Amino acid sequence: MLIVKQISKNFGSFQALDTISFEMNKGEIVGLLGKNGAGKTTLMRILTSFISASSGTVSIDGDDIAKHSLIIRQKIGYLPEKPPLYGDMTVQYYLRFAAEIKGVPKNKRQSQLAKVLQECDLESVKLKTIATLSKGYKQRVGIAQAIIHEPKLLILDEPTSGLDPIQIQQVLALIKNQREQRTVLLSTHSLTEIEQVAQRVLMIKSGKIVLDDTLDELLKNKDSGQSQPLTLEQVFFNYHPQHTLEKSELQVMDE
Ligand code: ATP
């Protein structure tokens with residue numbers, strides 16, 4: 001479904017991504033982990049053809065994104081960190097507009113609108129202007145615009161950021177339900193969220209993939225010789241040992 005080969009991205013002399021390669025199969029939900037600045041958003045922006053890679057190739061469902069960016073955009077749904085919402089539009093008007101710009105044929109727009117309103121539980125707010133919605137509803141509108149054209153691949157950049165615990169569960173349930181219909185790549189800083197929805201984890205550190213494994217394998221901890229299974233948090237800190245609280249940081253906290 002998605003094949004990423006040797007992607008690198010330079011911003012001037014700074015290398016944000018360094019020869020990233022991985023594949024994703026149809027129907028997988030993959031969690032993308034990494035601390036701030038690791039390169040997650042840059043990778044997602046390349047996969048969605050918002051920016052181009054400095055080198056390497058990406059193919060989605062058999063099409064090379066550099067050669068077929070228009071076709072590719074129809075195959076991808078993208079929820080950026082800051083969703084592209086227009087506050088003065090009603091939910092319904094905005095989603096109709098999203099369907100139109102994403103190339104949903106005129107005779108299918110109404111049924112697609114009804115489908116995403118139902119799927120994202122937005123029926124009760126469809127006539128409200130977006131600016132008046134809570135953050136959780138806004139995020140669901142963001143997901144609705146990302147799936148209204150039935151993309152095969154859904155890319156979600158920190159979809160639960162800033163939501164309260166109930167809103168988080170609603171968004172996670174919505175993401176889980178996508179599994180039947182499409183492949184999903186999502187980034188988040190919450191390891192428990194990854195454990196709830198993903199089957200596989202990709203970890204980026206300083207622009208490189210340092211881990212690509214299924215959650216089952218990771219948490220089984222078969223090689224460590226420990227009796228307790230690992231948590232995803234332990235796995236994360238194993239790759240970022242300098243970020244466990246060091247003596248100097250503890251001293252600062254004490255002061
Ligand atoms: P976060 O979790 O904070 O969103 P991230 O993993 O998504 O972080 P990126 O936003 O991809 O990280 O950034 C990776 C690195 O590339 C950072 O050091 C960032 O400052 C740098 N970077 C990103 N975009 C640009 C740009 N347009 N010009 C220069 N540097 C950039």
Side-chain angles (χ1 to χ4, degrees), residues 2 4-24 29-58 60 65-66 69 72-73 76-85 135-136 138-139 142-143 145-146 153-164 167-168 171-172 175 183-198 200-213 215 218 232-245 249:
L2 170 71
V4 177
K5 275 192 195 158
Q6 305 273 311
I7 284 288
S8 293
K9 178 68 183 176
N10 301 317
F11 293 112
S13 59
F14 175 72
Q15 186 167 30
L17 296 179
D18 183 2
T19 55
I20 297 254
S21 297
F22 66 95
E23 296 188 10
M24 278 174 63
I29 300 185
V30 175
L32 183 61
L33 280 178
K35 66 186 187 77
N36 293 124
K40 304 178 297 294
T41 298
T42 304
L43 175 62
M44 288 181 155
R45 298 187 80 208
I46 289 172
L47 300 182
T48 50
S49 81
F50 270 79
I51 58 172
S52 53
S54 304
S55 59
T57 59
V58 178
I60 294 173
I65 61 165
S69 72
I72 290 291
R73 279 178 189 223
I76 299 177
Y78 180 35
L79 178 72
E81 236 175 320
K82 294 193 181 77
L85 302 177
K135 194 150 191 238
K138 281 185 186 146
Q139 204 65 336
I143 295 176
Q145 67 76 31
L153 176 64
L154 181 58
I155 296 190
L156 305 169
D157 198 352
E158 300 191 25
T160 56
S161 152
L163 304 187
D164 73 33
Q167 293 169 334
I168 288 174
V171 167
L172 292 181
I175 294 169
T183 306
V184 182
L185 178 66
L186 82 146
S187 71
T188 169
H189 287 292
S190 165
L191 305 174
T192 44
E193 284 174 19
I194 296 266
E195 288 186 75
Q196 280 186 63
V197 296
R200 194 174 132 207
V201 173
L202 282 177
M203 198 188 297
I204 302 195
K205 185 179 174 185
S206 307
K208 281 180 189 281
I209 297 271
V210 290
L211 176 78
D212 178 357
D213 211 343
L215 267 178
L218 275 175
L232 195 51
E233 192 173 28
Q234 286 167 317
V235 173
F236 187 85
F237 281 112
N238 284 346
Y239 282 90
H240 299 86
Q242 70 275 33
H243 290 282
T244 47
L245 287 181
E249 289 174 288

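If you read the sequence from its start, that first residue is 1, and numbering goes on from there. Keep in mind that this is a model prediction, so the values were computed, not measured. Keep in mind that the numbers below use all heavy atoms, side chains included, and drop hydrogens, waters and symmetry copies. Each ligand, and each atom within it, is numbered from 1 in the order the structure gives.
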(request) Quick one, list the residues around ligand 1 where some non-hydrogen atom comes in under 4.0 Å, by chain and residue number. (result)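 Only Phe11, Phe14, Ala16, Lys35, Asn36, Gly37, Ala38, Gly39, Lys40, Thr41, Thr42, Glu81, Glu158, His189 have heavy atoms that fall under 4.0 Å of ligand 1, ordered by chain and number.
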(request) Take atom CD of Glu81 as the centre, draw a 6.0 Å sphere, and report whether it contains more than 12 heavy atoms from other residues, nucleotides or ligands. (result)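 Enclosed.
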(request) Apply side chain to side chain donor-acceptor pair (under 3.5 Å) to Lys208 and list each qualifying residue two or more places apart in sequence or on a separate chain. (result)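 Asp18.
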(message) I'd like to know if Asp157 pairs up with Lys40 as an ion pair, taking the criterion as any Lys NZ or Arg NE/NH1/NH2 lying under 4.0 Å from an Asp or Glu carboxylate oxygen.
(response)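 Here Asp157 does not pair with Lys40 in a salt bridge, since their nearest N and O are not under 4.0 Å apart.
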(request) Hey, could you give me the CG/CG distance between Asp213 and Leu218, rounded to the nearest 0.5 Å? (result)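 It is 4.5 Å, given to the nearest 0.5 Å.
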(request) Could you tell me the separation between the CD1 atom of Ile7 and the OG atom of Ser21, rounded to the nearest 0.5 Å? (result)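 Nearest 0.5 Å value for the CD1-OG distance: 8.0 Å.
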(request) Decide yes or no on side chain to side chain contact (heavy atoms under 4.5 Å, CB included) for Leu79 and Gln139, but give the supporting numbers first. (result) CA-CA 9 Å; Leu79 178 72; Gln139 204 65 336; 3.9 Å; yes
